[in-house]
Amino acid sequence: MKILNFGSCNIDYVYSMDHIVRVGETLSTYKLETFEGGKGLNQSIAIARAGAKVYHAGCVGEDGKMLTDLLSKSGVDLTYLKTVEGKNGHAIIQVSSKGENSIFLYGGSNEMVTEDFVDSVLENFSEGDIILLQNEISSVPYIIDRAYEKKMCIVFNPSPFTDEIKKLDLNKLSYVLLNEVEASEFSGYDDPEASLSYFEENYPSLKVILTLGSKGCIYLDNGTRYRQYAFKTNAVDTTAAGDTFTGYFVAGVCGGIDTARNLKLASAAAAITVSRMGAAPSIPLMDEVLFTLGTLKSGESDAKSEMLKKQIVDYVEGNVKDASLSELASLLNYSVIYSGHLVKKLTGKPFSKLLQDARCDKASEYLIRSDMSVREIISAVGYENGSFFRAIFKERFGDTPLQYRQKKGKFI
Ligand code: RIB
């Protein structure tokens, strides 16, 4: 089984700055660095650094020597990489002091992938070979159609997302690797689990890897959902983290690595990429991933705490009138004492204060949006003692309930 990656190669101009520039704003930058990048190139380098053989097909411009140098130094086979006349594709990347990025692209050589060139490359590959694609080159739908005819295993990363991508027949793909925004473009659902259900129902044989940024990823394969939490890392630059994950994942699929292990290695590799500046140069070798794996901390406990906190807050807000710690404890399946401890730890407030605040918030909503009298509201949020309620309400909002209603007006 061979791996062919038909993809882009970019020169990345990376500007470090305080924050991503806003509309109409002019901002000075701290420094400008130039790196090898492009989703295609990054993913080929990740595959090679994960230890698998990969053929990279695509077009570089006359100024793309730094890209071919790094690809060949990393062990990528360049038999199908063509140098074309004109400028190489490039990316302008802003990286904020928090490690967030914002990218815009100039296609250049990446848009010179013609159908004839695609045919000439694909004739060297056959049934069962893996073909990896992103959406930064021309002729992507054509490549998918031809690769499907040849019964190749098509792995598609629909990034950057375009309307053309939306029209593709996903039944032709074996794997799709996408983020929440891209998943919602296909499915119409913002919720990741709902998006996965959409793919499950409409494309039952498609394997889906849904990446969730710092929350990790979920992999859907034939009805089974595998969850991999992201590893914690000091984020310096997130560029190429997704590409590293994709490349490592594809190399693992080709090498027959067990799914859970493969997801773990791919996530660890992505975490290392995030901790360094630049795209391709920040992608680690498998040796480093294996060496670091034992020292990386999983974000699993953070994610679980977040879920637990949401459960607690949802319960209290949904039951302001009758909520009790003992009912919450049985819902969480913990003892009352431990639940009280958890509430304090996760919300920063004891249960009684959390409930008190939720009752005041609910009352403020009724004051603005209903015709109920203050007395009715007090009882609706679970209080019998009116003067106690008025005191805590004033403490929270700085006004008595009546003053609050007068100031905010009532919108029914
Ligand atoms: O995914 C990161 C890559 O996106 C960058 O290297 C940049 O070239 C853009 O293509």
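Counting convention: from 1, in listed order, for ligands and their atoms alike. Computed from a predicted model, the values in this text were never measured in an experiment. Along the sequence shown, residues are numbered consecutively beginning with 1.
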For [atom], what is the closest protein heavy atom, and at what distance to 0.1 Å?
atom	result
atom 2 (C) of ligand 1	Asp243 OD2, 3.3 Å
atom 3 (C) of ligand 1	Asn42 ND2, 3.7 Å
atom 10 (O) of ligand 1	Glu136 OE2, 2.6 Å
atom 4 (O) of ligand 1	Lys39 NZ, 3.2 Å
atom 5 (C) of ligand 1	Asp12 OD2, 3.3 Å

Relative to the heavy atoms of [X], which atoms of ligand 1 are at a distance of less than 4.0 Å?
X	result
Leu105	9 (C), 10 (O)
Gly37	6 (O), 8 (O)
Ala279	6 (O)

- Centroid-centroid under 6.0 Å between Tyr55 and Phe125 rings: yes
- Tyr148 six-ring face occupied by Arg146 cation (under 6.0 Å, within 45°): no
Taking only Lys NZ, Arg NE, NH1 and NH2, and the carboxylate oxygens of Asp or Glu, determine whether [X] and [Y] approach each other closer than 4.0 Å.
X	Y	value
Glu36	Lys65	no
Lys31	Glu33	yes
Arg49	Glu288	no

- Task: Could you tell me if any non-hydrogen atom of Gly242 lies under 4.0 Å from any atom of ligand 1?
- Result: no
- Query: Asn42 and side-chain hydrogen bond (donor to acceptor under 3.5 Å, both in side chains): which partner among Asp243, Thr239, Thr246, Thr244?
  - Reply: Asp243
- Query: Got an N/O contact under 3.5 Å between Ala91 and ligand 1?
  - Reply: no
- Query: Can you check whether Asn10 has an N/O within less than 3.5 Å of an N/O in ligand 1?
  - Reply: yes
- Item | Geometric class of the Phe397/Tyr404 ring pair [parallel <30°, tilted 30-60°, perpendicular >60°] | tilted
- Item | Leu41 contact mode with ligand 1 (heavy-atom cut-off under 4.0 Å) | neither
- Task: Dump the intermediate steps for salt bridge (charged side-chain N to carboxylate O under 4.0 Å, His left out) on Lys362 and Glu317, then the final yes or no.
- Result: CA-CA 8 Å; Lys362 190 70 184 169; Glu317 288 179 357; over 6 Å; no
